[in-house]
There are 2 protein chains.
Amino acid sequence: MHKEHSLTKNQQIIFDLIDKSTEPLKAYSILFNVQKKGIKAPLQVYRALDKLVEIGKIHKIESRNAFIACHNSSCQVAKATAFSICEICEKVTEISSAGLSKYLANFKDKDGMKYSKYNLEFFGLCKKCR
Amino acid sequence: MHKEHSLTKNQQIIFDLIDKSTEPLKAYSILFNVQKKGIKAPLQVYRALDKLVEIGKIHKIESRNAFIACHNSSCQVAKATAFSICEICEKVTEISSAGLSKYLANFKDKDGMKYSKYNLEFFGLCKKCR
DNA sequence: TAGTTATTGTTATAATATAACATAGTGTAA
DNA sequence: TTACACTATGTTATATTATAACAATAACTA
């Protein structure tokens, strides 16, 4: 079990928005959407995002500069992430595969080095766009 | 064999710079370094970078917004990339492992979908920083 | 050699992210 | 309960990364 983090007001507002979204959200789109709730500046958004990423409640899709809620309930290791990204509709799905995460966590590079932290982004076409 | 691409002047200048570098280069750092060669605007850099990425001569390190020359001579599939990134010194190394690329190319998600295109970034500490 | 396409040059601006500093709340230990 | 450390907040300004729009030029090709 890992420690439960109680979110602060800004963190909660921003997490709720991302969690309800069906697609990854970008920082300035988040900012626009929470301005009515009193969050007025980019930095307020980025600070909340940083914290949410740190505690594993959300993930950043690096190739898209966008944020998605973690839907991997067994994701103790928030730092080992994998996604599939549709190149047409931009749908992003978090992949939770025990086999994959086991393979990657055990992968050794040429120097015999292992990595518990990684980010993998697969690109292709989703069911609908195929 | 895949088609040989002869680089244009700007592409060659920018590729040479990245290829000689021991670390990933950022777009505006590249811009600064090639201004003496007549490349004055960001767009000239980004256009060359886009093309170089497209033809597989360089790769973008998404989590760092930086570019590195492809050192994987057998890398026919420029779109299937893996790197290790040192979280202290930021050293980036391209991983060329037949096993890894085979595993990832054959990986099937829950819908049975396979992906020939992916980007994997491992994070950890390099030899020196360990 | 005309037509097409890719590349270049240029200015302006959009989108993403952080620096710096002041203030306020929260937990905790003497 | 007060002083301390720590985290979060609010705010303005600015840095960094990337693209839009348009004109001109070079390279390819039928």
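Just so we're on the same page: letters track the sequence lines, and every chain starts at 1. Values in this document were obtained by computation on a predicted structure and should not be read as measured data.
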Response to the item:
By nearest-heavy-atom nucleotide on DNA chain D, the more 5' of A:P42 and B:D50 is A:P42
Discussion item. I need the CG-P distance between B:N10 and D:dA26, as an integer number of Å.
Written reply: 13 Å
Worksheet item: Earliest and latest nucleotide of DNA chain C, 5' to 3', sitting under 4.0 Å from a non-hydrogen atom of chain A?
Response: C:dT16 to C:dA20
Worksheet, complete the sentence: Judged by nearest nucleotide, the residue sitting upstream toward the 5' end of DNA chain D, A:A41 or B:F67, is A:A41
Item to complete: Under the side chain to side chain contact (heavy atoms under 4.5 Å, CB included) rule, what do A:L100 and A:L120 come out as? Steps first, then yes or no, please.
Response: CA-CA 10 Å; A:L100 179 64; A:L120 170 58; 4.0 Å; yes
Item to complete: Measure across A:K114 and A:N106 and return the closest heavy-atom pair with its distance rounded to 0.1 Å.
Response: NZ-OD1, 3.5 Å
Discussion item. Using 30° and 60° as the class boundaries, would you call the ring planes of A:Y118 and B:F122 parallel, tilted or perpendicular?
Written reply: perpendicular
Fill in: Rounded distance (Å) that lies between atom P of D:dG10 and atom CD of A:Q11
12 Å
Discussion item. So, does A:K40 get its side chain near the phosphate of D:dT11, meaning an N or O under 4.0 Å from OP1 or OP2?
Written reply: yes
Practice prompt. Tell me whether the OP1 or OP2 atom of D:dA18 has a side-chain N or O from A:N65 closer than 4.0 Å.
Written response: no
Worksheet item: Rounding to a whole Å, what distance do you find between B:I30:CD1 and D:dA18:P?
Response: 10 Å
Discussion item. Under 4.0 Å from OP1 or OP2 of D:dG10: is there any side-chain N or O of A:Q44 that close?
Written reply: yes
Worksheet item: Strictly by modelled atom types, are A:E121 and A:N119 linked by a side-chain donor-acceptor pair under 3.5 Å?
Response: yes
Worksheet, complete the sentence: When rounded to whole Å, the CG to C1' distance for the pair A:L49 and D:dT9 reads 15 Å
Practice prompt. Round to a whole Å and report the spacing from NZ of A:K37 to P of D:dT9.
Written response: 15 Å
Discussion item. Does B:Y28 contact D:dA15 through a side-chain donor or acceptor facing the base, at a distance under 3.5 Å?
Written reply: no
Item to complete: Taking only Lys NZ, Arg NE, NH1 and NH2, and the carboxylate oxygens of Asp or Glu, determine whether A:R64 and A:E90 approach each other closer than 4.0 Å.
Response: yes
Worksheet item: What is the distance, rounded to the nearest whole Å, between atom CD1 of A:I39 and atom P of D:dA8?
Response: 14 Å
Worksheet item: When the nearest nucleotide of DNA chain C is assigned to A:Y46 and to A:L43 on a heavy-atom basis, which residue is associated with the more 5' position?
Response: A:Y46
Response to the item:
Per atom distances to the B:R47 side chain, the nearest of D:dT17, D:dA8, D:dA21 is D:dA21
Practice prompt. Establish, with yes or no, whether the OP1 or OP2 oxygen of D:dT7 is under 4.0 angstrom from a side-chain nitrogen or oxygen of A:T8.
Written response: no
Discussion item. For a quick test of reading the model: is some side-chain N or O of B:K60 closer than 4.0 Å to OP1 or OP2 of D:dA18?
Written reply: yes
Discussion item. Under 4.0 Å between a side-chain nitrogen and a carboxylate oxygen: does that hold for B:K117 and A:E87?
Written reply: yes
Worksheet item: Okay, side chain of A:D109, backbone of A:D111: is any donor-acceptor separation there less than 3.5 Å?
Response: yes
